[in-house]
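Letters go in sequence order (proteins before strands), and every chain restarts at 1.
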2 protein chains.
Amino acid sequence: MDRIGVKIAVIGGGTGSFTLLTQLKHYTSHITALVNMADDGGSTGVLRDELGVLPPGDVRQCLVALSQSERVRDLFNYRFDSGTFEGHAFGNLFLTALEKMTGNFADAVETAADVLNITGEVHPVTLDKVTLVMKQSNGVITEGEFNIGHADFGLNRHPDMELVPEAALNPASHKAIMEADLLVIAPGNLYGSLAPALIVPGMREVLNATNAKKIYVCNLVTKPGQTDNFGVSDFAREIERFGNFKLDYVLYNNDTPSHELLERYAKENEHRVSFDASALAAAHYEAVGGDFISKEPVLAPSSADPIAHTRTLIRHDGAEIAKALMRIYFA
Amino acid sequence: MDRIGVKIAVIGGGTGSFTLLTQLKHYTSHITALVNMADDGGSTGVLRDELGVLPPGDVRQCLVALSQSERVRDLFNYRFDSGTFEGHAFGNLFLTALEKMTGNFADAVETAADVLNITGEVHPVTLDKVTLVMKQSNGVITEGEFNIGHADFGLNRHPDMELVPEAALNPASHKAIMEADLLVIAPGNLYGSLAPALIVPGMREVLNATNAKKIYVCNLVTKPGQTDNFGVSDFAREIERFGNFKLDYVLYNNDTPSHELLERYAKENEHRVSFDASALAAAHYEAVGGDFISKEPVLAPSSADPIAHTRTLIRHDGAEIAKALMRIYFA
């Protein structure tokens, strides 16, 4: 396919970024994934603890999403299933070994990008080693992305989020946002993944300085104990609070998942994100509804491609969102 | 440099192969490293035991020797220095993850070769999982390359060597030997590394069938308890016994290492390999003496490039041997 010259920067890190990047690379080679660096769970957490490296997990997912090299892409997502290395994704070891060898995570990501033959670029939002800290209005403090992602906020919603120690925005991320035509905030864990990217000191300034159209792709389902009863405008409000900026567009799903799927989610206290069309019509941003739920059958989790299948069954349709983003670019 | 079209196959696996391949790649892109598959020590041994894979260590060294991609080459030799992965060479994990993912070690090596952008090819001599077994004339049986490499043979020299279970020659290795102009047996551990490559069933037939000039590059020092008092012709005789073929050329060093180095080796009961010029002159092969000892200062071992520095201080001069091989090709 002939590509469009649009420059796109995508902020996020996990499954949501993966879905978007996988599709956006078909439209442009000027695509930059800006990745949250507060991850401390699973294989990534062990590597951080044992070897003192920056968290490789979300960077790996973004690199894989943009890769043109099928075999190496599968390799990067391969998880050892037994022995000393059980549970570790190979790509995490790749990034960790390179960082240990060179002492420089940015160089490590660049080498991995070469090996994976990626379209575009992947940059950590910060190159500082940070811990995410959440402060609730009742004084409760929770440390670490994994703990925060699994916390029940109780009645004290809308917590303050902070990175410790104070971090600096990666200059490469600053440059990508300044040069972007579209700045996309990917769907993802609001407090665990998106907040730590948006609150990096320097991010606020660049979000307000760039001429990019700023677009948030809203989550599909609520998270129990954290975003219960949130509508699209509630999610958007939190995004703007963390980044201290104004969104230009919010993409939200207005299709209904199957009754069976909704029931399965309801058992976990997860519900479809609601929207009030008239309220959204009155918002300062343009709210763009669409049929953004993937109709692809959900495959069984596989060790070769665990990302897309294990975390959610109601998934975004990356291709439809990519088209909606192109419509905004050409609007 | 413009390359010569000579086709070279190198049998071996460890440091000796590394030194030769590193230099030979400057002369030709038609170079194939054929690697012993009985290795079971160190990082490689752990991976074999825990994950049931073929031994990656010597394959990794040959891939690195032929690589054109400096950063990735250093990465493949990087050894984790702490945590769960301590002592493991990254390249071993790379080959192991790929083999586990694809179920096919040959494919794994091919993908690694792509990533490393190597000149030529690397092939295991066999794709079967084998254990090296040594039978001495007094009935003592020793199993495993590591154990054999560290055994004291006592008075029962010239042991019989066997692979268990019976293995088959890798067809890619067969093809490389048949097509070669020069078939080089690299210097290395005679019983632990060279024997297991030469005794693979099918090897004998192809060594006798090929029109390649067959050249053995003799070791520089003897191994205590195994090859004490061996001269060049003794090494050559054992090589011919294992492969059941006739050598055309034997390259041997006739330069003298420094007194200081010789004394250091003597403390470990390792001595310079002797040669009797008149006996060699009468041999059925052509014995080619030369100044084959490296004059490069020996660097401290480094985690980025441990191969060349940790195993020996009296080292072959790969560049000089490569030139001698070119002279034989053009003879």
Q: Go through the steps for A:L93 and B:F94 under the test side chain to side chain contact (heavy atoms under 4.5 Å, CB included), then give the verdict.
A: CA-CA 9 Å; A:L93 300 184; B:F94 187 101; over 6 Å; no

Between [atom1] of [X] and [atom2] of [Y], what distance do you get to the nearest 0.5 Å?
X	Y	atom1	atom2	value
B:N77	A:M101	CG	CE	9.5 Å
A:K100	B:F80	NZ	CZ	9.0 Å
B:D81	A:L51	CG	CG	7.5 Å

Where on [X] is there a heavy atom nearer than 4.5 Å to chain A: the side chain, the backbone, both, or neither?
X	result
B:S69	neither
B:N117	neither
B:T84	both
B:L116	neither

Q. How far apart are the closest heavy atoms of B:S82 and A:E50, and which atoms are they?
A.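 That would be OG-O, 4.0 Å.
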
Q. Got a sec: does the CD of B:Q68 have more than 12 other heavy atoms crowding it under 6.0 Å?
A. yes

Q. Does CD belonging to A:Q23 count more than 12 external heavy atoms closer than 6.0 Å?
A.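 Yes - once you tally the heavy atoms of other residues, nucleotides and ligands closer than 6.0 Å, there are more than 12.
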
Q. Should the pair B:F90 and A:F90 be assigned to parallel (<30°), tilted (30 to 60°) or perpendicular (>60°) ring geometry?
A.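 Ring orientation of B:F90 relative to A:F90: tilted.
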
**Q.** Heavy-atom side-chain proximity of B:R71 to A:D114 below 4.5 angstrom
**A.** no

Q) Heavy-atom distance under 4.5 Å between the side chains of B:F85 and A:L47, does that happen here? A)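 Yes, at least one pair of side-chain atoms sits under 4.5 Å.
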
Q.
I need the full list of salt bridge (Lys or Arg N to Asp or Glu O under 4.0 Å) pairs touching residues 167-180 of chain B, with sequence neighbours left out, sorted by first then second residue.
A.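 Pairs touching residues 167-180 of chain B that pass the test: B:K175-B:E179.
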
